[in-house]
Amino acid sequence: MLDSLLSPLRRLGHWVIEAIWRLGLISRFFVAILLNSGQSLLRFHLVIREVYFSGVLSLIIIVVSGLFVGMVLGLQGYTTLVRFGSTDALGALVALSLLRELGPVLAALLFASRSGSAMTAEIGLMKATEQLDAMSVMAVNPIARVVAPRFWAGVLSMPVLAALFNVMGILGGYYVGVIMIGLDSGSYWSQMQNNVDLHVDVVNGLIKSLFFGVAVTLIAVYEGFDATPTAAGVSAATTRTVVTSALVILALDFVLTAFMF
């Protein structure tokens with residue numbers, strides 16, 4: 001009877017201890033990346049190649065998703081604002097919604113799903129096929145050669161992708177509000193310009209996306225480097241990357257919003 005009552009507590013304690021242990025490991029891994037980044041930045045072509053892999057190849061999903069999110073915001077915003085006779089504020093509504101929250105968060109979620117999972121799978125497969133061990137034998141630091149370029153590529157790509165997501169979302173809202181519904185084009189842009197502040201809205205949104213890029217890329221490269229060197233282990237690491245990144249993005253968004261706005 002006593003064992004059945006204590007069993008959930010044991011499982012909870014085990015989960016908490018394991019979470020704290022993994023948090024310490026990923027913190028040490030982050031410090032190791034920073035200490036070994038000098039070699040990667042000196043050979044910047046490695047970072048540029050990974051920027052293409054994680055950033056350029058993600059443009060399609062970012063652009064298309066941003067366009068449709070903006071169109072949905074335009075439709076939903078119009079149906080809400082028309083009740084109050086404030087349809088001229090549609091441009092400000094779409095822009096503020098995207099720049100402050102939806103743009104950085106949704107772009108980071110898409111980035112984690114596409115590029116983060118790919119980074120984890122690639123590094124995990126390199127570990128499973130003993131390529132990382134071979135680098136160590138040849139006196140090549142795998143963190144400096146494999147992990148650090150991917151980390152910095154993700155950090156550099158995330159703000160750019162979030163900015164493109166915002167631009168396409170604003171254009172999608174313009175298409176719905178002005179071209180489809182028939183609102184005045186001048187009112188759409190003027191309301192946006194009058195209500196959007198460069199520092200409070202645009203810059204803070206880009207700072208958010210930068211933090212998201214650091215978090216998502218760090219989780220992706222760590223899970224790949226720490227994956228069990230089997231097919232099932234790499235698959236589990238890829239799943240953990242997507243799930244953990246989504247939770248961290250949402251939690252980090254709340255913390256950053258509380259401090260910024």
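Worth knowing before you read on, the calculation uses all heavy atoms, side chains too, and leaves out hydrogens, waters and symmetry mates. In this chain, residues are counted from 1 in sequence order.
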Donor-acceptor under 3.5 Å (Ser86 side chain, Ala89 main chain): no

Can you find a heavy atom in the side chain of Val176 that is under 4.5 Å from one in the side chain of Tyr78? no

So Met135 and Asn141, do their side chains get closer than 4.5 Å, heavy atoms only? no

Is the backbone of Gly154 close enough, under 3.5 Å, to the side chain of Ser157 for a donor and an acceptor to pair up by distance? no

Given the rule that I, L, V, M, F, W and Y join up when any side-chain heavy atoms are under 4.5 Å apart, are Phe30 and Leu247 in one cluster? no

Residue pair Glu50, Phe151: steps toward the side chain to side chain contact (heavy atoms under 4.5 Å, CB included) verdict: CA-CA 9 Å; Glu50 297 303 326; Phe151 173 79; over 6 Å; no

Within the 4.5 Å heavy-atom criterion, are Ile207 and Met260 side-chain neighbours or not? yes

With side chain to side chain contact (heavy atoms under 4.5 Å, CB included) as the criterion, how do Ile219 and Thr120 come out once you've worked through the C-alpha distance, each side chain's angles and the decisive distance to 0.1 Å? CA-CA 9 Å; Ile219 292 170; Thr120 301; over 6 Å; no

According to a hydrophobic-cluster definition based on side-chain heavy atoms being under 4.5 Å apart (Ile, Leu, Val, Met, Phe, Trp, Tyr only), do Val243 and Leu252 belong together? no

Among all residues two or more places apart in sequence or in another chain, which pass the salt bridge (Lys or Arg N to Asp or Glu O under 4.0 Å) test with Arg145? none

When clusters are formed by joining ILVMFWY residues with side-chain heavy atoms under 4.5 Å apart, either directly or through shared neighbours, do Leu102 and Val72 land in the same one? no

Do Val146 and Met126 have side chains that get closer than 4.5 Å, going by heavy atoms? yes

Treating Ile, Leu, Val, Met, Phe, Trp and Tyr as nodes and any side-chain heavy-atom pair under 4.5 angstrom as an edge, say whether Leu132 and Leu125 lie in one connected cluster. no

Any heavy-atom pair between the side chains of Arg22 and Tyr222 that's under 4.5 Å? yes

Greater than 12 external heavy atoms within 6.0 Å of Arg28's CZ: no

Side chains of Thr238 and Glu223: donor-acceptor distance under 3.5 Å anywhere? no

Distance col, row Tyr175:OH vs Ile181:CD1, nearest 0.5 angstrom, shows 11.0 Å

Can you name the closest pair of heavy atoms from Val51 and Ala153 and give their distance? N-CB, 3.5 Å

Taking all atoms of both residues into account, what is the closest heavy-atom pair of Asp197 and His199, and its distance? OD2-N, 3.0 Å

Counting distance only, does the side-chain N/O of Ser187 pair as donor-acceptor with the main-chain N or O of Leu183 below 3.5 Å? no

Is there a donor-acceptor pair under 3.5 Å between the side chain of Ser235 and the backbone N or O of Ala232? no

Taking every heavy atom of Ser113 against every heavy atom of Val242, the minimum-distance pair comes out as OG-CG1, 4.3 Å

I need the Asp133 CG to Met138 CE distance, nearest 0.5 Å. 11.0 Å

For Ser37, enumerate each residue passing the side-chain hydrogen bond (donor to acceptor under 3.5 Å, both in side chains) test, keeping only those at least two apart in sequence or located in another chain. Trp152

Can you find a heavy atom in the side chain of Val147 that is under 4.5 Å from one in the side chain of Asn36? no

Counting only pairs under 3.5 Å, give me each side-chain donor-acceptor contact of residues 57-68, with atom names and distances, residues two or more places apart or in other chains.
unit_1 : atom_1 : unit_2 : atom_2 : d
Ser58  : OG     : Ser54  : O      : 2.8
Ser58  : OG     : Ser115 : OG     : 2.8
Ser65  : OG     : Ile61  : O      : 2.6

So, taking the atom named CG in Leu250 and the one named CG in Leu109, what distance separates them when rounded to the nearest 0.5 Å? 6.0 Å

Using distance alone, with no hydrogens and no angle criterion, decide if Lys208 and Thr257 have a side-chain donor and acceptor under 3.5 Å apart. yes

Taking every non-hydrogen atom, the tightest pair across Pro104 and Phe212: O-CD1, 3.6 Å

Smallest separation among heavy atoms of Val200 and Asn204, with atom names: O-ND2, 3.0 Å

Same hydrophobic cluster for Ile179 and Trp189, using side-chain heavy-atom links shorter than 4.5 Å among ILVMFWY? yes

Spacing of CG belonging to Leu93 relative to CG belonging to Leu73, to within rounding of 0.5 Å: 7.0 Å

Scanning both residues in full, the closest heavy-atom pair of Lys127 with Phe225 reads NZ-O, 3.0 Å

Looking just at side-chain N and O atoms, do Tyr174 and Ser185 make a donor-acceptor pair shorter than 3.5 Å? yes

Nearest-0.5 Å distance that lies between atom CD in Glu101 and atom CG in Asp201: 10.5 Å

Working note: Phe29 + Asp226, criterion side chain to side chain contact (heavy atoms under 4.5 Å, CB included); need CA distance, chi angles, decisive distance, verdict. CA-CA 10 Å; Phe29 190 72; Asp226 189 58; over 6 Å; no

Rounded to the nearest 0.5 Å, the CG atom of Asp88 sits from the OG atom of Ser190 at a distance of 7.5 Å

Given side chain to side chain contact (heavy atoms under 4.5 Å, CB included), test Met158 with Leu210 step by step and report yes or no. CA-CA 6 Å; Met158 187 64 251; Leu210 182 63; over 6 Å; no

State whether the side chain of Thr241 and the backbone N or O of Ser117 hold a donor-acceptor pair below 3.5 Å, judged by distance alone. no

